[in-house]
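The sequence lines fix the lettering, A, B, ..., with proteins before strands; numbering per chain opens at 1.
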Amino acid sequence: MENKLQLYNTLSGQKELFKPIADGHVGMYVCGPTVYSDVHLGNCRTFISFDMIYRYLLHSGYKVRYVRNITDAGHLEASLAGKSKLDQLEPMEIVQKYTVGFHDIMKMFNNHPPTIEPTATGHIIEQIEITKNILDKGLAYESNGSVYFDVEKYNQQENYGELSGRKIEDLISGTRDLDGQDEKRSPLDFALWKKASPDHIMRWPSPWSSGFPGWHLECTAMSTKYLGETFDIHGGGMDLKFPHHECEVAQGKANNGKQPVNYWLHANMLTLNGQKMSKSTGNTILPMELFTGDNTIMDKAYHPMVVRFFMMQAHYRSILDFSSQALSAAEKGFIKLMSVLKDLDSMKTSSNSSEDVQAIINSFYTAMDDDFNTPILLANLFEAATYLNKVKAGSSTISKDDLEKLSKEMKAFVFDVLGLDMVEEAGSNQLDAAMDIILELRMKARADKDWGTSDLIRDKLTEAGIVVKDGAEGTSWSAN
RNA sequence: GGUCGGUUGGCCGAGUGGCUAGGCAGAGGUCUGCAAAACCUCGUACAGCGGUUCGAAUCCGCUACCGACCUCCA
């Protein structure tokens, strides 16, 4: 397999050539959502980014095991307890509700499901086993029924902070006073197992107490179980880099003495009004609010595919700001690209091509091999689109072979890699038939130079959301 | 306060030590009965101040502003 893919590894702070552990196979773990409330659009960006990455790995010929967890009630006892009393719901009912909702949204965004989607609550035993093992290694200690990871002791033999670039001295000096610190030897220590207070609904028996696993342990347990002690790619949102992923590195090394992940990838934040989208601050918009237009931020409703296209126009490691203006610009670009793709099958061919088609195709791969540079890919796709429009207009030519090649690659990159899809209008056979009749009548009127009738038909259709275009090969129409 | 990142033309958003990003919007033109679409042409953008260099928006330093993380968070 050709190996040209460069990706930016947070661990090294630079782009590296991607070399999987097992030739032709990739193990990838992505931190999934917490399912105690609706996923907001910012969460979705991360999952869409890694869906694109997953898709390009597949397109590159890799066999990928893609694990993305569901963080269910395991870590959320306290908040779930309060909320479930309020809603009169069982914790697992809340989890179920939001898991289903999450899947629905992911499907609308045309995300592939991961190949394994494990839940934290389904891996309590594995988490207890890792906790035991880290205790045995002397890198954790029990305190009042809870077990904490001993960061300072770990740091004597390893480097706590290697992923996020933090120094343990800075972390200690910058620590704030928080509740419940008295059980810990150091404020940096984090829980592997937490003793449940009496009002916690969900709890599991363990050698130390009736309680629940610590905040960072589930990902270590599930990634190790399904991908091995060291695996290729770990992804997640930038905000998880510290402390969550740092703790995963520490836990993994403490547990089996190996660097758990070769390539750490971090997707950047989606902002709204220049601030990070966040549940706690209320600076969010829900996907459904965006799709239906039922919100105060956007001027109209936007299709999930337009939103996805908008996100693909920015690099996954860049902060992207969400606004009505930016989105409506993206919508027009999306429609333009899609209309060229629709024309591909009816393109006129010549004996030779006026452009170097292979070079155009190569540019798609070069863009994506450079740390999944989707904005460059899209720029190159638009260059291809302009070329094809020239062919359509008769000012450029393309050979039959080249058209087949280009068509195949453009469709592959737009549909398979970027994960975009044609927005199918709610058209029906009846509508098609009716439009055929209407356009035939209009054609007669135009033949008779009865412009009044012809324009009346077109204007009324435009009002009804159907755009009529008179081209060289006849009249076409499209509905919004 | 500590650590890290950003500041690109009207808007969004890539990239690079010297050579067109791309999309949207705008101006003019071609085509068209008109329109739409498409095509052609048009903007001399890179926060500010210094420095390195034959040459910097791209490298270095300082300043200003913005953001992320440091606490659950994609």
(request) Provide, to the nearest angstrom, the distance between the CG atom belonging to A:Leu420 and the P atom belonging to B:G23. (result) 16 Å
(message) Among residues at least two apart in sequence or on other chains, which ones pass ring-ring contact (aromatic ring centres under 6.0 Å, His included) with A:Tyr316?
(response) none
(request) Could you give the distance separating B:U7 and B:G43 at their P atoms, to the nearest angstrom? (result) 24 Å
(request) Using atom CZ of A:Phe242 as one end and atom C1' of B:G2 as the other, report the distance to the nearest whole Å. (result) 12 Å
(request) Could you give the distance separating B:G23 and B:G13 at their C1' atoms, to the nearest angstrom? (result) 8 Å
(request) Using the closest heavy atom to pick a nucleotide of RNA chain B for each, name whichever of A:Gly165 or A:Trp451 lands nearer the 5' end. (result) A:Gly165
(request) Report yes or no: is the ring centroid of A:Phe47 under 5.5 Å from the six-membered base ring centroid of B:A74, with the two planes under 30 degrees? (result) no
(request) For A:Pro114, check side-chain contact (heavy atoms from CB on, under 4.5 Å) against everything at least two apart and list the hits. (result) A:Tyr66, A:Arg68, A:Glu117
(request) Please measure how far the P atom in B:U71 lies from the corresponding atom in B:G15, and state the result in whole Å. (result) 32 Å
(request) Not counting sequence neighbours, list each pair that qualifies as a salt bridge (charged side-chain N to carboxylate O under 4.0 Å, His left out) and has a residue in residues 32-48 of chain A. (result) none
(message) Give me the distance, rounded to whole Å, that separates B:G22 from B:G61 when you measure between the C1' atoms they each carry.
(response) 34 Å
(message) For RNA chain B, which residues of residues 231-239 of chain A approach it to below 4.0 angstrom with any heavy atom?
(response) A:Gly236, A:Gly237, A:Asp239
(message) Going by the rule side chain to side chain donor-acceptor pair (under 3.5 Å), which residues pair with A:His123 if we only count those two or more places apart in sequence or in a different chain?
(response) A:Tyr226
(request) Please report, rounded to the nearest Å, how far the P atom of B:A35 is from the CD atom of A:Glu463. (result) 19 Å
(message) Could you tell me how far B:U44 sits from B:A36 if I compare only their C1' atoms? Round to whole Å.
(response) 33 Å
(request) Please name all residues satisfying side chain to side chain donor-acceptor pair (under 3.5 Å) with A:Asn352, sequence neighbours left out, ordered by chain then number. (result) none
(message) Let's see if you can work this out: which of B:C73, B:G22, B:A14 has an atom nearest to the side-chain heavy atoms of A:Asn373?
(response) B:A14
(message) Under a 3.5 Å distance rule, please check whether A:Thr10 uses its side chain to pair with a backbone N or O of A:Leu265 as donor and acceptor.
(response) no
(request) Using whole Å, report how far NZ of A:Lys449 lies from C1' of B:G33. (result) 7 Å
(request) For the side chain of A:Arg166, starting at C-beta, report the closest nucleotide among B:G33, B:C69, B:A74. (result) B:C69
(request) Taking only the side-chain heavy atoms of A:Lys332 (C-beta and beyond), determine which of B:A74, B:G33, B:C24 contains the nearest atom. (result) B:C24
(request) Could you check how far CD of A:Glu246 sits from P of B:C4, rounded to whole Å? (result) 14 Å
(request) Decide yes or no, distance alone: a donor-acceptor N/O pair under 3.5 angstrom between the base of B:C34 and the side-chain of A:Asp470. (result) yes
(request) Quick one: look up who B:A64 pairs with, Watson-Crick or G-U, both distances under 3.5 Å, and put none if it's unpaired. (result) B:U7
(request) Report yes or no: is there a donor-acceptor pair, N or O only, under 3.5 Å between the side chain of A:Arg458 and the base of B:C34? (result) yes
(message) Could you tell me how far apart A:Arg45 (CZ) and B:A74 (C1') are, to the nearest whole angstrom?
(response) 10 Å
(request) Specify the separation, in whole Å, of atom CD1 of A:Ile105 and atom P of B:A74. (result) 15 Å
(message) Using the P atom as the point on both nucleotides, what is the distance between B:G28 and B:C66, in whole Å?
(response) 40 Å
(request) Would you please say whether a donor-acceptor pair under 3.5 Å links the side chains of A:Ser323 and A:Asp321? (result) no
(message) Ignoring hydrogens and geometry beyond distance, is the side chain of A:Asn380 in donor-acceptor contact with the base of B:G22 at under 3.5 Å?
(response) no
(request) Look at all strands and tell whether A:Gly32 reaches a base, only sugar-phosphate, or nothing, counting heavy atoms closer than 4.0 Å. (result) sugar-phosphate
(message) Any side-chain to backbone donor/acceptor pair from A:Asn373 onto A:Ala367? Under 3.5 Å, distance only.
(response) no
(message) Which is more 5' along RNA chain B, the nucleotide nearest A:Ala379 or the one nearest A:Leu240? Just name the residue.
(response) A:Ala379
(message) Please list all pairs meeting salt bridge (charged side-chain N to carboxylate O under 4.0 Å, His left out) that have one or both residues in residues 360-385 of chain A, counting only residues at least two apart or in different chains.
(response) A:Lys15-A:Asp370, A:Arg317-A:Asp371
(message) Need the pair for B:G22. Rule: Watson-Crick or G-U wobble, both distances under 3.5 Å, any strand; none if unpaired.
(response) B:C12
(message) I'd like to know if A:Lys411 and A:Asp345 make a salt bridge, using a cut-off of under 4.0 Å between side-chain N and carboxylate O.
(response) yes
(message) Checking base pairs now: Watson-Crick or wobble, both atom distances under 3.5 Å. What partners B:G1?
(response) B:C70
(message) Which nucleotide wins on minimum distance to the side chain of A:Arg446, given the candidates B:C69, B:A21, B:G33?
(response) B:G33
(message) So which atom in A:Phe47 and which in A:Pro33 form the shortest heavy-atom distance, rounded to 0.1 Å?
(response) CZ-N, 3.7 Å
(message) For a quick test of reading the model: is some side-chain N or O of A:Lys241 closer than 4.0 Å to OP1 or OP2 of B:A74?
(response) no
(request) Quote, to the nearest angstrom, the P distance that separates B:A47 from B:A14. (result) 15 Å
(message) If the cut-off is 4.0 Å, is A:Thr34 near the phosphate of B:A74, judged by side-chain N/O to OP1 or OP2?
(response) yes
(message) Any donor-acceptor pair, under 3.5 Å, between the side chain of A:Thr271 and the base of B:G67, if you only look at N and O atoms?
(response) no
(message) Expressed as a whole number of angstroms, how long is the span from A:Arg317:CZ to B:A74:C1'?
(response) 17 Å
(message) Considering every strand and a 4.0 Å limit on heavy-atom distances, what is the contact class for A:Val468: base, sugar-phosphate, or nothing?
(response) base
(message) Test your reading of the model: is there a side-chain donor-acceptor pair from A:Arg308 to the backbone of A:Leu418, 3.5 Å cut-off?
(response) yes
Between protein and nucleotides 5-13 of chain B, what N or O pairs are separated by less than 3.5 Å?
{"from": "B:C11", "atom 1": "O2'", "to": "A:Gln325", "atom 2": "OE1", "distance (Å)": "3.2"}
{"from": "B:G13", "atom 1": "OP1", "to": "A:Asp321", "atom 2": "N", "distance (Å)": "3.4"}
{"from": "B:G13", "atom 1": "O2'", "to": "A:Gln313", "atom 2": "O", "distance (Å)": "3.4"}

(request) Any strand is fair game: report the nucleotide pairing with B:C59 by Watson-Crick or G-U wobble, both distances under 3.5 Å, or none. (result) B:G51
(message) For B:A27, give the paired nucleotide (Watson-Crick: N1-N3 plus N6-O4 or O6-N4; G-U: N1-O2 and O6-N3; both under 3.5 Å), or none.
(response) B:U41
(message) Using the side-chain contact (heavy atoms from CB on, under 4.5 Å) criterion, which residues pair with A:Ser318? Sequence neighbours excluded.
(response) A:His315
(request) Go along nucleotides 38-46 of chain B 5' to 3' and tag each nucleotide: B for a protein heavy atom under 4.0 Å from its base, S when only backbone or sugar atoms are that close, - otherwise. (result) SSS------
(request) Using a 4.0 Å heavy-atom cut-off across all strands, classify A:Glu331 as base, sugar-phosphate, or nothing. (result) nothing
(request) Just grab all the side-chain hydrogen bond (donor to acceptor under 3.5 Å, both in side chains) pairs involving residues 458-467 of chain A, residues at least two apart or on different chains. (result) A:Asp455-A:Arg458
(message) Applying side-chain contact (heavy atoms from CB on, under 4.5 Å), can you list everything that pairs with A:Asn9, at least two apart in sequence or on another chain?
(response) A:Leu11, A:Ser12, A:Glu16, A:Tyr263, A:Trp264
(message) Using atom C1' in both nucleotides, what's the gap between B:A57 and B:G6 to the nearest angstrom?
(response) 15 Å
